[in-house]
Every structure is written in structure tokens, then in C-alpha cells.
Amino acid sequence: QLQVEKALDRIRKRALAIDTTADVGEVVEETRDALVELGITPEFTRILILEADGDTAVSWGAYRESGASRRGEFSVRRGRELDIPFLVPSKGRHRSTIGRVTKAQQRAQLRKFSRHLVDVGDVETLLFAHPMYQHIFAFRGGWISLTLAHELSTDEMALGRRIADAFGG
């Protein structure tokens, strides 16, 4: 429990220090590292922050095996229109959601949506082990997305919720 509190405190301090969306890159890396320390090893950790227009999402993501984070930007409205659930959660009051995505589904969604993303590089690099489970934890002004090869346990889901709460519940 002490280890969890220390990890949450580190994430909370980083989240509170965010001045611009450019700062989110370091926060997503810190979040990924804290999760790994706690025994959760997402293939990909993503934090999305909504811009003031309420439609543009600036996305920072960090792969499990690489240290660097990666930036992307897209229209939330367009993501919903194209039904890309692993990038854009559905509207509603759900603060935490889980989606199971097969390789074929993910490949089709990425190809459909890739022309709407800024600076994503090769679409194939975004593919993961399959099936994958997308866990999304919403907070005021954005959401955290964890991509794993398995569904999180109830305790791990509670931890994900607490991490999202560190960003503004």
C-alpha cells in the first residue's frame, strides 16, 4: 500500500505541474514507469488532454519497452464519427471502460482513422499483441488509456481510477 501511495504521489505531483500539453510527455512516461513498478505492464500508456475547443485531443503515449513518449493530435468529434473506441471513448458518464479489440478490428480502425491523426508515423507500429484490452479512465479535461494483453483485475481497475483522479477526477 505504501508503494501505491508513493507512486500516486509522484504522478499527482507531475500532473499538477502541467503547464502546457507539451508537459504531458513526461507525465505519461512517469505514469507508465509507476504502473510497471506496481506490477501492471501496459503495452502502451496514453494520456489525452482536450484543448479549449473541446474537440482537439492532444495525445501523448509511451510504449512499454521504449523510454520516449510520442505526441499525436486528433479531432474527438471525428474519432466518434468514425467509431474508433480505442482512441476516443464514447460519450456518457462512464468514468472507466474496457474494450476488447482484435487485430483485424484494430488494423481496420487505424487505417480508417490514420489520415486524421497528426504525426503518428507508420500505422503498423501502433499494432499490439492480440486480443488487446483497452482500459480508459476519464478525468475532467481528458482521459488515460492503457493497452494491455489482458483485462485488469478489480484492484488494478481501482488503481487506474485513482491515477486518473490524480489528473482532476
Side-chain angles (χ1 to χ4, degrees), residues 3-52 54-76 79-80 84-101 106 109-110 113 117 120 126 128-129 132-169:
Q3 186 180 12
V4 169
E5 293 305 321
K6 287 172 86 173
L8 286 169
D9 191 48
R10 281 192 349 243
I11 294 167
R12 192 175 298 110
K13 283 179 184 173
R14 287 284 206 167
L16 291 173
I18 294 174
D19 253 349
T20 68
T21 55
D23 299 331
V24 179
E26 292 178 9
V27 179
V28 76
E29 292 168 22
E30 182 73 42
T31 302
R32 178 210 48 217
D33 294 346
L35 287 165
V36 170
E37 288 172 18
L38 297 172
I40 301 172
T41 54
E43 296 293 321
F44 193 66
T45 303
R46 180 190 324 261
I47 297 175
L48 297 103
I49 305 292
L50 290 171
E51 293 285 8
D55 180 50
T56 304
V58 176
S59 163
W60 284 91
Y63 289 93
R64 176 178 52 125
E65 295 174 357
S66 83
S69 59
R70 183 179 178 118
R71 184 183 189 278
E73 190 174 304
F74 61 92
S75 162
V76 173
R80 286 194 177 116
I84 311 293
F86 70 91
L87 277 178
V88 182
S90 59
K91 283 186 175 180
R93 298 189 178 274
H94 302 293
R95 296 183 64 212
S96 303
T97 60
I98 302 172
R100 182 179 186 274
V101 182
Q106 185 187 26
Q109 289 175 354
L110 279 170
F113 198 55
L117 297 171
V120 295
L126 296 175
F128 305 102
M132 69 170 194
Y133 292 85
Q134 190 68 40
H135 300 76
I136 296 175
F137 303 94
F139 57 87
R140 191 175 343 108
W143 59 93
I144 296 172
S145 167
L146 305 177
T147 303
L148 294 104
H150 65 281
E151 197 169 332
L152 290 175
S153 70
T154 303
D155 289 343
E156 291 168 333
M157 284 293 290
L159 177 61
R161 181 71 259 141
R162 289 182 69 194
I163 289 171
D165 288 346
F167 287 85

**Prompt:** Could Arg12 and Glu5 be called an ion pair, given the rule that one side-chain N must be under 4.0 Å from one carboxylate O?
**Reply:**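 No, Arg12 and Glu5 are not salt-bridged.
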**Asked** Counting distance only, does the side-chain N/O of Arg32 pair as donor-acceptor with the main-chain N or O of Thr41 below 3.5 Å?
**Response**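 Checking the backbone N and O of Thr41 against the side chain of Arg32, no donor-acceptor pair under 3.5 Å is found.
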**Prompt:** Between His135 (side chain) and Gly160 (backbone), is there a donor-acceptor pair under 3.5 Å?
**Reply:**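 No; judged by distance alone, with no hydrogens or angles, the pair does not exist.
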Output the distance between atom [atom1] ([X]) and atom [atom2] ([Y]), rounded to the nearest 0.5 Å.
| X | Y | atom1 | atom2 | result |
| --- | --- | --- | --- | --- |
| Met157 | Glu151 | CE | CD | 7.5 Å |
| Thr147 | Ile136 | OG1 | CD1 | 8.5 Å |
| Leu35 | Ile163 | CG | CD1 | 4.0 Å |
| Thr45 | Asp33 | OG1 | CG | 9.0 Å |

**Message:** Restricting to side chain to side chain contact (heavy atoms under 4.5 Å, CB included), what partner residues turn up for Arg14, sequence neighbours left out?
**Reply:**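 Scan of Arg14 (side chain to side chain contact (heavy atoms under 4.5 Å, CB included), adjacent residues dropped) gives Glu26, Val27, Glu30.
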Would a 4.5 Å heavy-atom cut-off, applied to side chains only, mark [X] and [Y] as touching?
| X | Y | value |
| --- | --- | --- |
| Pro42 | Leu148 | yes |
| Trp60 | Glu29 | no |
| Trp143 | Leu50 | yes |
| Leu8 | Asp165 | no |

**Request:** With sequence neighbours left out, write down each residue that passes side-chain hydrogen bond (donor to acceptor under 3.5 Å, both in side chains) with Glu51, or none if nothing qualifies.
**Result:**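 Here no residue qualifies.
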**Request:** Please identify each residue that fulfils side-chain hydrogen bond (donor to acceptor under 3.5 Å, both in side chains) with Thr154, with sequence neighbours left out.
**Result:**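 Here no residue qualifies.
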Minimum heavy-atom distance [X]-[Y], with the two atoms named:
| X | Y | value |
| --- | --- | --- |
| Leu38 | Ala7 | CD1-CB, 3.8 Å |
| Phe139 | Leu48 | CZ-O, 3.9 Å |
| Ala34 | Ile11 | CB-CD1, 3.7 Å |

**Request:** Please report the C-alpha distance between Arg10 and Glu37 in whole Å, then the side-chain angles of each, then the deciding distance to 0.1 Å, and finally whether the salt bridge (Lys or Arg N to Asp or Glu O under 4.0 Å) criterion is met.
**Result:** CA-CA 12 Å; Arg10 281 192 349 243; Glu37 288 172 18; 3.1 Å; yes
**Item:** Of Val24, Ile47, Leu16, the residue whose pairing with Phe167 passes side-chain contact (heavy atoms from CB on, under 4.5 Å)
**Value:**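 In the set Val24, Ile47, Leu16, the residue that makes a side-chain contact (heavy atoms from CB on, under 4.5 Å) with Phe167 is Ile47.
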